[in-house]
**Student:** 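Structure in structure tokens, see below.
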Amino acid sequence: MIFTRGEFVQTIDMNQEGYFEEALKMRNALQEFAKRDGPMPITILGLREHIFTGSVSSLANYMALQETSFVTLGQRVLTKPLCIRLHYGHPDVFDKLFFITRGGVSKSSKGINLSEDIFAGYNNAIRGGQVAFKEYLQVGKGRDVGMSQIYQFEAKLSQGAGEQSLSRDVYRLCHRLDFSRLLSYYFGGIGHYFSNVLTVITVYVVVYLMAILALYDLEKIGDRLITPMGTIQMLLGGLGLLQTVPLFSTLGVERGWWDSFREIVQVFATGGPLHFMFHIQTKANYMTQTILVGGAKYRPTGRGFVTQHTPMDEQYRFFASSHLYLGVEMGAGLIIMGIFSEAGQYFGRTWSLWLASLSFLASPFWFNPLTFDWNVVVSDYTKFISWMRGTSGGSARSWSMWYNEEFSYYSKIPSTSKFWFVIKAMLYLTIADGIARSDLLKADTTLNKPFVGVSLVVGTIIVLFLLLWLLSAVAHFMPYPVRRTIGILISIGLMVSCTSVFLEDTNFIRYSFAAYYGIGAMSQLGLLFGMKFVKNFYFVHDLVCGHIIFIPLFVLAILQIPHHIQTWLLYHNALSTDVVVSNILRYARKSQESGATAAPNEDLIEQIAELRKIVQKQEQMIESLGSGTTSSATNMKQNPSTDAIASLIKAPSPEPMSIQQNPVGGYARSGMGGRTVSASTLDVWGEMALGDSVAQGTYDPAPVTQMPTTMARSSDFSFTQPDVMPPR
């Protein structure tokens with residue numbers, strides 16, 4: 001701040017932009033500091049944000065709507081009447097004279113001050129400042145558009161909230177606020193993350209409580225069965241739709257009621273509830289982990305245009321410990337409840353729990369493009385198995401390395417916090433004991449003698465496991481063909497032996513389920529107390545979880561229809577307009593920078609060639625999409641901002657490409673196509689963008705040649721480009 005001039009400072013993030021027409025209102029905005037709405041002077045002026053990345057994909061649209069809900073509706077209410085709006089991020093304007101004498105607008109500690117913006121608000125509230133929020137001026141903002149980006153962003157906010165709850169700033173603030181403002185601060189700040197933690201814990205407890213009651217035949221009081229209220233639960237769940245009314249009203253005023261209704265319906269049709277439930281668990285997981293263990297860190301998200309497919313192994317690394325394990329666990333608990341429950345109304349009692357389990361398991365793959373394409377699924381499965389078998393190269397290449405990094409925080413858990421994980425292990429043991437005692441697949445072997453002795457088959461399985469362990473120990477001494485042949489024979493022997501046991505004595509199926517939960521309890525305790533042998537059990541568990549996910553993916557890929565439905569619902573607008581925006585802009589920027597050198601830039605030429613391959617591949621995707629959904633192809637909208645720059649890219653021409661420096665003082669305009677306009681239809685390639693040379697009269701008004709930009713409304717979509725390179 002000491003290097004700035006003037007009495008006010010506006011903070012802007014790198015993912016934000018200012019519109020020219022909004023800058024004209026800045027003088028009026030600064031006059032807000034001269035007003036005095038209350039007993040204290042205005043020291044922070046909050047401004048509205050306009051999210052311009054909402055059309056990239058359905059995920060981007062969700063984030064845009066979420067941001068609209070928070071930066072418009074939420075902050076409007078937090079300012080008046082709650083009087084507890086803080087500084088939640090940029091582009092707020094600060095009274096520099098007030099803050100420069102009170103510690104500045106940000107903190108330097110990367111741990112406790114992970115969410116550095118909010119501490120400016122804490123500092124302001126504690127030291128007697130007042131916050132205003134005005135909506136007549138807005139600043140553009142780009143939000144995260146990819147699943148992994150949004151995940152890291154939510155994780156960063158959750159860990160930041162956990163660190164805030166431990167900070168002295170929150171301690172001092174909460175001791176000085178009146179009761180009404182204290183409640184408003186809780187529900188408008190860190191209380192939101194605590195509520196997510198309580199929600200997930202409640203869902204977890206309800207699943208295991210209903211499963212244990214059904215398993216031990218306790219769903220009755222005396223001789224009378226419990227009367228479930230499944231219908232009432234469904235009606236109460238439907239009341240959650242009322243929370244969309246404020247957003248519907250806001251969009252109705254800004255865009256029109258019909259467009260607002262279509263927007264809300266589109267959110268539900270494209271899987272919006274799954275996305276938001278998924279990130280409830282994201283917030284709860286990282287909030288809990290930060291409170292119990294710590295380890296909060298900044299997570300760079302990039303905020304680029306992400307519409308390419310993310311491999312399955314990378315998805316698994318991201319979401320396994322936070323979502324996939326919990327989704328599989330809840331699904332198994334609900335299946336156990338369905339098998340043993342006698343109370344009735346199963347769907348009415350469990351539909352919301354199944355929806356939560358489905359959101360944890362399916363969201364990373366539903367919102368990942370090309371997930372249901374057969375070739376992609378086969379490639380993902382190959383990479384996943386290769387990653388599971390890897391032994392070196394970091395967590396990206398080896399499951400073993402990923403396991404060591406992912407579960408290292410267990411060694412840092414304080415003794416008092418380990419109590420909660422011990423309770424979890426006790427739940428597993430309770431389920432295991434109940435399954436073992438039940439009548440599930442119970443068979444009487446005294447009447448039906450097995451064809452092969454079960455003890456003999458079990459002994460064979462043990463011997464084969466020992467041979468497999470011995471093979472892994474001496475594998476590096478053996479030739480590859482011999483090692484491969486022995487491994488295949490042992491694997492076939494294990495499959496035949498296990499199948500024989502289950503067919504000869506169905507009791508072993510029940511014992512296997514019980515043993516799985518029992519081993520899970522032992523593995524949970526082993527993680528807490530640093531026992532390394534549990535790593536092998538977690539390897540088997542990850543194999544099981546991976547195949548639980550892959551089997552539905554293979555089935556849906558065979559059908560082929562889900563692939564087209566997913567692409568059309570989630571990425572139709574992106575594929576038709578904005579899919580290569582970031583790459584094209586990067587190309588244009590590098591071509592400008594290369595103008596300072598007379599010789600062609602070889603790295604740039606390679607990147608252009610790679611970019612052309614991406615464009616051609618995405619053209620094929622759009623063509624296949626258009627051929628599959630002809631009616632939807634007519635709804636493709638042209639984007640003038642994208643078309644003007646996208647037309648710089650075309651198929652390689654036979655002439656060698658050269659990048660020459662433009663003459664100083666002149667701007668060759670023959671390479672530019674259709675003019676690009678901003679969100680307010682201002683010409684951004686006009687005289688203002690050309691610099692001082694226009695004012696000095698050195699601008700060469702060469703005739704503007706319209707580029708043959710074509711954006712077909714049918715399946716014959718293509719990019720074209722003139723022979724002349726773009727100007728500096």
Side-chain angles (χ1 to χ4, degrees), residues 1-50 70-72 74-110 112-141 160 164 167-178 181-182 184-185 188-189:
M1 293 182 67
I2 61 175
F3 299 104
T4 60
R5 291 179 286 181
E7 299 181 7
F8 306 103
V9 172
Q10 184 180 24
T11 51
I12 294 287
D13 265 341
M14 293 188 67
N15 62 319
Q16 292 182 311
E17 67 172 359
Y19 302 131
F20 174 75
E21 63 274 20
E22 300 296 328
L24 298 177
K25 307 174 188 175
M26 184 54 72
R27 179 178 178 181
N28 301 65
L30 293 180
Q31 284 298 112
E32 298 287 344
F33 288 95
K35 296 167 61 177
R36 197 181 185 94
D37 294 336
M40 296 178 290
I42 294 177
T43 51
I44 298 179
L45 178 64
L47 305 177
R48 177 175 169 163
E49 295 172 357
H50 166 246
F70 176 70
V71 304
T72 302
Q75 296 195 25
R76 183 188 298 166
V77 175
L78 287 173
T79 305
K80 287 183 180 181
L82 300 183
C83 300
I84 196 58
R85 184 193 185 272
L86 303 172
H87 172 57
Y88 303 100
H90 314 317
D92 289 1
V93 182
F94 291 83
D95 184 343
K96 190 180 80 170
L97 298 181
F98 179 88
F99 277 90
I100 203 171
T101 57
R102 290 165 177 82
V105 299
S106 186
K107 304 292 182 181
S108 59
S109 173
K110 64 179 182 179
I112 196 76
N113 303 120
L114 179 62
S115 299
E116 75 284 351
D117 301 328
I118 193 73
F119 285 91
Y122 292 153
N123 196 19
N124 178 70
I126 293 173
R127 297 175 185 271
Q130 184 175 348
V131 180
F133 178 68
K134 301 300 175 182
E135 300 182 46
Y136 58 77
L137 194 154
Q138 67 180 5
V139 175
K141 184 175 185 180
Q164 290 171 42
S167 67
R168 69 181 76 181
D169 301 75
V170 171
Y171 176 82
R172 291 171 177 170
L173 181 67
C174 294
H175 275 73
R176 288 162 174 78
L177 291 177
D178 58 83
R181 293 183 72 197
L182 182 61
S184 302
Y185 162 70

**Student:** Under the 3.5 angstrom rule, does the side chain of Asp13 hit a backbone N or O of Asn15 as a donor-acceptor pair?
**Tutor:**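 It does not hold such a pair.
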
**Student:** Check residues 169-177 and write down every donor-acceptor pair under 3.5 Å in which the side-chain atom is one partner and the other belongs to a residue at least two apart or another chain.
**Tutor:**
residue : atom : partner : partner atom : Å
His175  : ND1  : Tyr171  : O            : 2.8
Arg176  : NH1  : Arg172  : O            : 3.0

**Student:** How long is the span from the CZ atom in Phe119 to the CD1 atom in Ile126, to the nearest 0.5 Å?
**Tutor:**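 Phe119 atom CZ to Ile126 atom CD1 measures 10.0 Å (nearest 0.5 Å).
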
**Student:** What's the shortest heavy-atom distance between Ser184 and Leu78, and which atoms?
**Tutor:**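 Heavy atoms only, the tightest pair is O-CD2, 4.4 Å.
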
**Student:** Out of the candidates Leu47, Leu30, Asp92, only one should pair with Gln10 under the side chain to side chain contact (heavy atoms under 4.5 Å, CB included) rule; please name it.
**Tutor:**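 That would be Leu47; it is the only one of Leu47, Leu30, Asp92 passing the side chain to side chain contact (heavy atoms under 4.5 Å, CB included) with Gln10.
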
**Student:** Provide the closest heavy-atom pair for Thr11 versus Gln16 in the form atom of the first, atom of the second, distance.
**Tutor:**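 Scanning both residues completely, I find the closest heavy atoms to be O-OE1, 4.4 Å.
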
**Student:** Enumerate donor-acceptor pairs with a distance under 3.5 Å from any side-chain N or O in residues 127-134 to protein atoms, sequence neighbours excluded.
**Tutor:**
residue : atom : partner : partner atom : Å
Arg127  : NE   : Asn123  : OD1          : 2.5

**Student:** Cation-pi between Arg102 and Phe98: NZ/CZ under 6.0 Å from ring centre and within 45° of the ring axis?
**Tutor:**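 Yes - Arg102 lies over the ring of Phe98, closer than 6.0 Å to its centre and within 45° of its axis.
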
**Student:** Is the closest side-chain heavy-atom distance between Leu97 and Phe8 below 4.5 Å?
**Tutor:**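 Side-chain contact under 4.5 Å: no.
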
**Student:** Are any non-hydrogen side-chain atoms of Glu17 and Val139 less than 4.5 angstrom apart?
**Tutor:**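 No - every pair of side-chain heavy atoms lies 4.5 Å or more apart.
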
**Student:** Looking only at heavy atoms, what is the nearest atom pair of Phe33 and Val93, with distance?
**Tutor:**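 Nearest heavy atoms, Phe33 then Val93: CZ-O, 3.5 Å.
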
**Student:** If every non-hydrogen atom of Leu86 is compared with every non-hydrogen atom of Tyr122, which pair is closest and at what distance?
**Tutor:**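 Closest approach of Leu86 to Tyr122: CD1-CE2, 3.5 Å.
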
**Student:** Could you tell me whether Lys96 and Glu7 have a side-chain N and a carboxylate O separated by less than 4.0 Å?
**Tutor:**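 Not counted as a salt bridge, because no side-chain N and carboxylate O are separated by less than 4.0 Å.
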
**Student:** Can you name the closest pair of heavy atoms from Gln164 and Ser115 and give their distance?
**Tutor:**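 Closest approach of Gln164 to Ser115: NE2-CB, 3.6 Å.
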
**Student:** Do you know the tightest heavy-atom contact between Ile112 and Ser167?
**Tutor:**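 Heavy atoms of Ile112 and Ser167 come nearest at CG1-CB, 4.0 Å.
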
**Student:** Examine Phe94 together with His87 and report whether their ring centres are nearer than 6.0 Å.
**Tutor:**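 Phe94 vs His87: aromatic centres under 6.0 Å.
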
**Student:** So, do Glu22 and Gln138 sit near enough that their side-chain heavy atoms are less than 4.5 Å apart?
**Tutor:**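 SC-SC contact between Glu22 and Gln138 confirmed.
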
**Student:** Report yes if some heavy atom in the side chain of Val77 is under 4.5 Å from a heavy atom in the side chain of Leu82; otherwise report no.
**Tutor:**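 With C-beta onward as the side chain, the pair touches.
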
